[in-house]
Engineer: 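Just dropping this structure here.
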Amino acid sequence: MAATTLAGFHNRVARIDLTSGAVTYEPVDDALARKYLGGRGLGVKYVFDHGIHDPLSPENMLAIMTGPLTGSEVKMSGRLSAVTRSPLTGTIADSHMGGWTAAYMKWSGFDALLITGKAEHPVYLLCKDGEVSIEDASDLWGKTTHETIKALMEKHPGRYVDVMSVGPAAENGVRFAGWINKDDRACGRTGTGTVGASKHLKAIVFVGDKKNQPKPADRDAFKEADKKALSAIMAEANITAPRKGGLSVYGTNVLMNITGSIGALPAWNAKKASFVSEDGEELYEHISGERVREEILVGDPTCHACPVACKIEVEVPEGKFKVHMESVEYESIWALGAMCGNDSKEAAAYMIDMANRFGMDTIELGNALSMYMEVTEKGGAIDGGLAWGDHDGMIKTIEDIAYAKTEVGKVLGKGTAAAAKELGHPELAMSVKGMAIPAYDPRGLKGMGIAYATSNRGACHLRAYTPAAELGVMPFGSLKVDPLEWKGKGELTKVFQDIHAISDSFDICKFSAFAEGVDEYLEQYNTFTGANLTADELLKAGERIYNLERYFNNLAGFREGSDYLPERFLKEPSTVPGSEGHICELDQMLEEYYNARGWENGVVPESKLKELEIL
């Protein structure tokens, strides 16, 4: 193995066998760094090469990854990824965390942690000065993420210290448990926290030193690239503009009123394509970013190297929903709000905080609850059932799920799709490949339909954020397409998937794509790392990563027919303004998409694998 000569890497990868307690170190292979970039891409390659194992077996690898730009001066570079095989879906999976954890991981001297095995008792990892030690965490097992992080921050004080922790949900086998850091940023989706807990891994502590911050290969050239990128982020024409753009002012929940008004907001378990009452009241406005800012906002913190500051810190000062927390994200307040028939932003904030404390994905959680509400409506409930918008019932059920307290808690903890099947109503799971949908109805945003269906990790908006084009929030308004037109969406989704694979591998925030394009990405990457890629070569790297993920899934049993949508979106037309009468034309988009990909009904042919140098 030849160590990479690219700047941005420490050439320090720790392989940690929790069964034996052995920790070994190796450099980042130069050829792999150039082919798979870092972060998500390199993490997928590590997991792929390790082999396909039962997600909750000691043999399954959990890779905690940074990219070559992570923790650097590159704007919006405060991201890390957890890569593994998902216990929720059985697919390859990656989930990304913002805040400061990623920067401090990089500053602790590491590019990656590759974790296998299972400890005899609960442990945490202490990462400092390029060394990993395995520490006893028996006294932390059973504690919430907030309690664990507080205890470990007190035990390991310092300016550049951060902790990522699992909570009781992961310990109790909830299939959609994640990792939470001290700022309540999360590796939320796909159950990466469940994998960690199955290994008796409670937390990871990073003790950073800023002297380890990555430096650009060509500082003068990088300064120019950085200046261009910052100028694009700051431009008032883009939603990223600090204190002026919608993303900065209202956070991700700037979308609530937008998707609600065009009939692209799933509500009541997607029985409707907007959160609108029978008499026409726009209930989505009650939980919108505008309403949150007006009534409960108390702060707008940010992440490493980010001028946008899209995080929303809120406080409900009194009452049964009393809480002070961050962050009220669009997906989370939708999942525990509109999807469940709940129009109380205060109740939703309280439940989001519960999910963070227990360490659960809010999107899957809200879907599981809404599915159960519709099962209750149809007379199939257990443990008394759950009514639409029942705040008290939702709060109790969330705790039941996290601690596997009751029969319904244990069932819903398996995830929406598995639970719906067990309850006798598989058709009520708004899921793809075992993972539930986020906050976009594909009857009103057709691009999301093909994006959900072809995502390699299950229903996801972050594999291909087609709403950027459908809602007209591309950089400087560079592209706007009709959200209700299916033609061209297969090809568009392929492009977005490849570009997002690149940013996830750098690892920088996807919101950068609201201001920057391939040219800005390429110039920053080349000047920082010292690589000399062309735009076509960079895009090919993104395509390679996406195809390797699909190849993993094909080998894991996801073959022809694995790219689908819930029947509701295909057969039940929208009844709300903006998308009324529309269904999602998935079959037509799939044909277009497979042609663009060069796949055979969802399977990567050997010729494509060779073309992309995967084989």
Engineer: Assess, by modelled atom type and distance only, whether the side chains of His96 and Asp94 contain a donor and an acceptor separated by less than 3.5 Å.
Structural biologist: yes

Engineer: How long is the straight-line distance from CZ of Phe358 back to CG of Asn172, given to the nearest 0.5 Å?
Structural biologist: 10.5 Å

Engineer: Less than 3.5 Å apart, any donor N or O on the side chain of Ser86 or Thr190 sitting next to an acceptor on the other?
Structural biologist: no

Engineer: How many angstroms lie between CG in Asp136 and NE2 in His121, if you round to the nearest 0.5 Å?
Structural biologist: 5.0 Å

Engineer: Answer yes or no: is there a side-chain heavy-atom contact under 4.5 Å between Met65 and Val83?
Structural biologist: yes

Engineer: Examine the side chains of Thr5 and Arg34 and answer whether a donor and an acceptor come within less than 3.5 Å of each other.
Structural biologist: yes

Engineer: Do Phe176 and Thr194 come close enough that some side-chain heavy atom pair is under 4.5 Å?
Structural biologist: no

Engineer: Please tell me whether Thr527 and Asp218 have a donor and an acceptor in their side chains that are separated by less than 3.5 angstrom.
Structural biologist: no

Engineer: Just how far is it from atom OG1 of Thr116 to atom CG of Leu114, taken to the nearest 0.5 Å?
Structural biologist: 8.5 Å

Engineer: Between the side chains of His146 and Asn356, is a donor N or O closer than 3.5 angstrom to an acceptor N or O?
Structural biologist: no

Engineer: Please check if any side-chain donor atom of Lys106 sits under 3.5 Å from a side-chain acceptor atom of Thr66, or the reverse.
Structural biologist: yes

Engineer: Using every non-hydrogen atom in the two residues, find where Phe321 and Ile395 come nearest and quote the distance to one decimal.
Structural biologist: CE2-CD1, 3.8 Å

Engineer: Name all pairs fulfilling the side chain to side chain donor-acceptor pair (under 3.5 Å) condition that reach into residues 292-301, sequence neighbours left out, sorted by first residue then second.
Structural biologist: Arg243-Asp300, Glu295-Lys345

Engineer: Do the side-chain N and O atoms of His461 and Glu331 include a donor-acceptor pair separated by under 3.5 angstrom?
Structural biologist: yes

Engineer: Check whether the side chains of Tyr521 and Ser512 place a donor and an acceptor atom closer than 3.5 Å, and report yes or no.
Structural biologist: yes

Engineer: Within the 4.5 Å heavy-atom criterion, are Leu18 and Ile115 side-chain neighbours or not?
Structural biologist: yes

Engineer: Judged by modelled atom types alone, do His200 and Tyr124 share a side-chain donor-acceptor pair under 3.5 Å?
Structural biologist: no

